[in-house]
Student: 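This structure is in structure tokens; I'll ask about it shortly.
Computation of the quantities below employed the complete heavy-atom set of this structure, encompassing side-chain atoms and omitting hydrogens, waters and symmetry-equivalent molecules. Letters A, B, ... are given to chains in the order of the sequence lines, protein chains preceding strands, and every chain is numbered from 1.
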Amino acid sequence: MSENNNPSPVEVIDTNQIIEERRSKLSKLREAGNPFPNDFERKDLAQEIHDKYGTQDKENLEELDASAIVAGRIMLKRVMGKASFATIQDMSGQIQLYINNAGIGDEEHSAFKHWDLGDIIGASGVLFKTKTGELSIRVNSLRLLTKSLRPLPEKFHGLTDQEQRYRQRYVDLIVTPEAKRNFQIRSKAIQILRTFLTERGYLEVETPMMQSIPGGATAKPFVTHHNALDMQLYLRVAPELYLKRLVVGGFEKVFEINRNFRNEGISTRHNPEFTMLEFYEAFRDYRYLMNLTETMLKELAEACVGSAQITYQGHTIDFAQPFQRLTMSEAISAHNGQFSSDNLNDLEFLRAELAKRKITCFSTDEIGMLQLKLFEETTEEKLIQPTFIVAHPKDVSPLARSNDKNPEVTDRFELFVAGREIANGFSELNDSEDQAQRFKSQAEAKAQGDDEAMFYDSDYIRALEYGMPPTAGEGIGIDRLIMLLTDSASIREVILFPQMRSE
RNA sequence: GGGCGGUUAGCUCAGCUGGUAGAGCAGUGGACUUUUAAUCCAUUGGUCGCGAGUUCGAAUCUCGCACCGCCUACCA
């Protein structure tokens, strides 16, 4: 790893013939006046114009004599002597401009001919339809609002270099409609989740991202340092323990949508910072959350995609039906014919199967842990349709309540969709003494070298000692959910500025 | 972390067994008053990712490095 991650203090001026050409155009514009005016008032959006007038026929539109004032970036330009067409793009979409000498005069028209793709312009004019029926604006006034110095990617193929799409997302958003669409869906989905919860009486809160004891998940944290306090701080790996402190405080329904940070690998499914929704409701249990999750995801898909059935990487995924609910051994045998409930409860059989698959097991692994390992190896990726997996072993669920009938497992579920974990929820452990005990075993594991194990958080124990009502809580990985909704294969398609190595 | 692939003009890409770099778009000049990736004519533009090596000669072969992508491993 390079130590020199600081940006260079000296600006590197990269240039080429095209940029030079545009700079000289800009300097001529400067001589003629301010080339970056700020007094243009846009009145109409491209999409609104299409919605309002798109269905009018040519003759009716002429009679209406409707005018429009638009602004946007020049995406296409076709100059034909005394007449020109330009396609401009604003936040809503694109609209075509028709520019001719009759409309704006010879001089203005020749000036326009030297403007470039990427320039931002403002235009006013009258709506009409061309002989091929395209709704356009016959321009009677045209202004250059911002000169663009860098050439846009090729107008037909766009930007296909994925590295550049992620590093220069601003260019990607200009030229890649699907990228723009993905982030619009992301925004909408988060808004819908927020509304879904607030309408049900949940309070949205923000808890610390910088924590002196990182908790709430088994993960490697980022470490940082506060100078004035001279103390080590961690970026949070989860908000869980703070949200439950709030439940102790009497906020009986809380949620947070915010970033978590985990110092682990980067892949098509992992970004070091990612967005989680966590929500907690007192006097509910994990079964209630499963029902709530079904409703939430169904409504979300309908609002974002227009249907409870979505397509993900060739699979049709149905959020309309009640999701299957299976224990790990049920899921394993349902998706793998060679396993039955008998042999899945046979310790020796499980050990042999895992050994065959070169999965590391410890002598301390109980039956539940062995089933979990076999589940992850053989079954997880086969859970395409939404499926709740329930009853996780206590060892891997240090914050979940033990099941009353079988204390070796917890009242917990994970929701799998398209072979991936999307949500994780459980009835919260509110027995402070049990929690203290589990923190102790986590702290011991950490002392043994497990750097993903949890810290002992004595303030959290103190909070539980005041009494936390019986509570159910759930976390949903927003980025992966958005991947589903946008049919994205990589998490980088749904994070605006994904983490990259320095250029 | 491991394996495989990629990096050539601003963008999209060719470039064979080594012989000194090409197209389309964009740009520039010209023609064209309803185009649709407009068209037509002319034309500018390159440290072939970086660094070594082999060779008379390297975009091309070898090695190292950097970055990206895909698969894989841990995790959400």
Student: If each of A:R138 and A:I491 is mapped to the nucleotide of RNA chain B with the nearest heavy atom, which maps nearer the 5' terminus, i.e. the 5' end?
Tutor: A:R138

Student: With rounding to the closest Å, how many angstrom separate the P atoms on B:C16 and B:A21?
Tutor: 14 Å

Student: Let me know the distance between CD1 of A:I74 and C1' of B:A37, rounded to the nearest Å.
Tutor: 16 Å

Student: Angle between ring planes, A:F85 versus A:Y98, binned at 30° and 60°: parallel, tilted or perpendicular?
Tutor: tilted

Student: Taking CG from A:D450 and C1' from B:C74, how many angstroms apart are they, rounded to a whole number?
Tutor: 12 Å

Student: In whole angstrom, give the distance that lies between atom CG of A:N101 and atom P of B:U34.
Tutor: 12 Å

Student: Under a 3.5 Å cut-off for both contacts, is B:G1 paired Watson-Crick or G-U wobble with anything, and if yes, with which nucleotide?
Tutor: B:U72

Student: Kindly indicate, with the supporting measurements, whether the criterion ring-ring contact (aromatic ring centres under 6.0 Å, His included) is fulfilled by A:F255 and A:F279.
Tutor: CA-CA 4 Å; A:F255 77 97; A:F279 54 102; 8.1 Å; no

Student: Over all strands shown, is A:N263 touching base, sugar-phosphate only, or nothing at heavy-atom distances under 4.0 angstrom?
Tutor: nothing

Student: Can a salt bridge be assigned to the pair A:R357 and A:E353 using a cut-off of 4.0 Å between side-chain N and carboxylate O?
Tutor: yes

Student: Please determine whether salt bridge (charged side-chain N to carboxylate O under 4.0 Å, His left out) holds for the pair A:R269 and A:E421, giving the CA-CA distance in whole Å, both sets of side-chain angles, and the decisive distance to 0.1 Å.
Tutor: CA-CA 11 Å; A:R269 287 178 283 283; A:E421 187 193 334; over 6 Å; no

Student: Whole-Å distance between B:C41 C1' and A:M80 CE?
Tutor: 18 Å

Student: What does A:E134 touch in the nucleic acid at a heavy-atom separation under 4.0 angstrom: a base, only the sugar-phosphate, or nothing?
Tutor: base

Student: Using the C1' atom as the point on both nucleotides, what is the distance between B:G27 and B:U33, in whole Å?
Tutor: 25 Å

Student: Tell me if a side-chain donor or acceptor on A:Q313 pairs with a main-chain N or O of A:D487 at a distance below 3.5 Å.
Tutor: yes

Student: Does B:U43 pair with anything, Watson-Crick or G-U wobble, both distances under 3.5 Å, and if so, with which nucleotide?
Tutor: B:G27

Student: Regarding A:L159, tell me which of base, sugar-phosphate or nothing describes its non-hydrogen contacts under 4.0 Å with the strands shown.
Tutor: sugar-phosphate

Student: Once you round it to whole Å, what is the distance between P of B:C67 and CZ of A:R501?
Tutor: 5 Å

Student: Return the pairing partner of B:C61 with a 3.5 Å limit on both distances, Watson-Crick or G-U wobble; otherwise return none.
Tutor: B:G53

Student: Does A:F375 have its ring centroid less than 6.0 Å away from the ring centroid of A:F416?
Tutor: yes

Student: Calculate the interatomic distance between A:I266 atom CD1 and B:A73 atom P; express it in whole Å.
Tutor: 18 Å

Student: Searching all strands shown, indicate the nucleotide that pairs with B:A21 (Watson-Crick or G-U wobble; both distances under 3.5 Å).
Tutor: none

Student: Once you apply a heavy-atom cut-off of 4.0 Å, does A:I422 come out as touching a base, just sugar-phosphate, or nothing?
Tutor: nothing

Student: Between B:C65 and B:G6, how far apart are the two C1' atoms, rounded to whole Å?
Tutor: 16 Å

Student: Can a salt bridge be assigned to the pair A:E62 and A:R138 using a cut-off of 4.0 Å between side-chain N and carboxylate O?
Tutor: yes

Student: Determine the contact category for A:D161: base if any of its heavy atoms lies under 4.0 Å from a base atom, sugar-phosphate if only primed atoms, P, OP1 or OP2 are that close, otherwise nothing.
Tutor: sugar-phosphate

Student: If you restrict it to nitrogen or oxygen atoms, what contacts under 3.5 Å exist between nucleotides 69-71 of chain B and the protein, and what is each distance?
Tutor:
{"unit_1": "B:G69", "atom_1": "OP1", "unit_2": "A:R492", "atom_2": "NH1", "d": "3.3"}

Student: Regarding A:G475, tell me which of base, sugar-phosphate or nothing describes its non-hydrogen contacts under 4.0 Å with the strands shown.
Tutor: nothing

Student: Which whole number of Å gives the distance between the P atom of B:G29 and that of B:G45?
Tutor: 16 Å

Student: Any N or O donor-acceptor pair linking the side chain of A:T160 to the base of B:U12 at under 3.5 Å?
Tutor: no

Student: Write down the distance between NZ (A:K373) and P (B:A73), rounded to a whole number of angstrom.
Tutor: 16 Å

Student: Round to a whole Å and report the spacing from NZ of A:K82 to P of B:U33.
Tutor: 5 Å

Student: Which atoms of nucleotides 23-29 of chain B (N or O only) lie under 3.5 Å from a protein N or O atom, and what are those distances?
Tutor:
{"unit_1": "B:G24", "atom_1": "N2", "unit_2": "A:E154", "atom_2": "OE2", "d": "3.4"}
{"unit_1": "B:C25", "atom_1": "O3'", "unit_2": "A:K155", "atom_2": "NZ", "d": "3.4"}
{"unit_1": "B:A26", "atom_1": "OP1", "unit_2": "A:K155", "atom_2": "NZ", "d": "2.4"}
{"unit_1": "B:U28", "atom_1": "OP1", "unit_2": "A:K25", "atom_2": "NZ", "d": "2.4"}

Student: Can a salt bridge be assigned to the pair A:D365 and A:K373 using a cut-off of 4.0 Å between side-chain N and carboxylate O?
Tutor: yes

Student: Please state the P separation for the pair B:C50 and B:U35 - nearest whole angstrom.
Tutor: 46 Å

Student: When you measure from the centre of the six-membered ring of A:F112, is the NZ or CZ of A:K77 under 6.0 Å away and within 45° of the axis?
Tutor: yes

Student: Could you work out the separation of B:C11 and B:U54 based on their P atoms and round it to a whole Å?
Tutor: 34 Å

Student: For B:U33, which nucleotide in any strand shown is its Watson-Crick or wobble partner with both distances under 3.5 Å?
Tutor: none

Student: Does A:E376 have more than 12 heavy atoms from other residues, nucleotides or ligands lying within 6.0 Å of its CD?
Tutor: yes

Student: Using a cut-off of 4.0 Å on non-hydrogen atoms, how would the nucleic acid contact of A:R167 be classed: base, sugar-phosphate, or nothing?
Tutor: sugar-phosphate

Student: Counting the atoms with a prime plus P, OP1 and OP2 as sugar-phosphate, which does A:Q164 contact under 4.0 Å by heavy atoms, base, sugar-phosphate, or nothing?
Tutor: sugar-phosphate

Student: Indicate yes or no: does A:D106 engage A:K82 in a salt bridge with an N to O separation below 4.0 Å.
Tutor: no

Student: Counting any heavy atom closer than 4.0 Å, what does A:G477 reach on the DNA or RNA strands: base, sugar-phosphate only, or nothing?
Tutor: nothing

Student: Considering only the C1' atoms, how many Å lie between B:U60 and B:A14, rounded to the nearest integer?
Tutor: 14 Å

Student: Does the side chain of A:R78 get closer than 4.0 angstrom to OP1 or OP2 of B:U35 through an N or O atom?
Tutor: no

Student: Would you say that more than 12 heavy atoms from the other residues, nucleotides or ligands in this model lie under 6.0 Å from the NZ of A:K28, or not?
Tutor: no

Student: Rounded to whole angstrom, note down the P distance from B:U12 over to B:U8.
Tutor: 9 Å

Student: From the set B:A73, B:C67, B:U35, return the single nucleotide nearest to any side-chain atom of A:K131.
Tutor: B:U35

Student: Let me know which of A:F455, A:F222, A:F261 forms a ring pair (Phe, Tyr, Trp, His ring centres under 6.0 Å) with A:Y234.
Tutor: A:F455

Student: Assign A:V175 to base, sugar-phosphate, or nothing according to its heavy-atom contacts below 4.0 angstrom with the strands shown.
Tutor: nothing

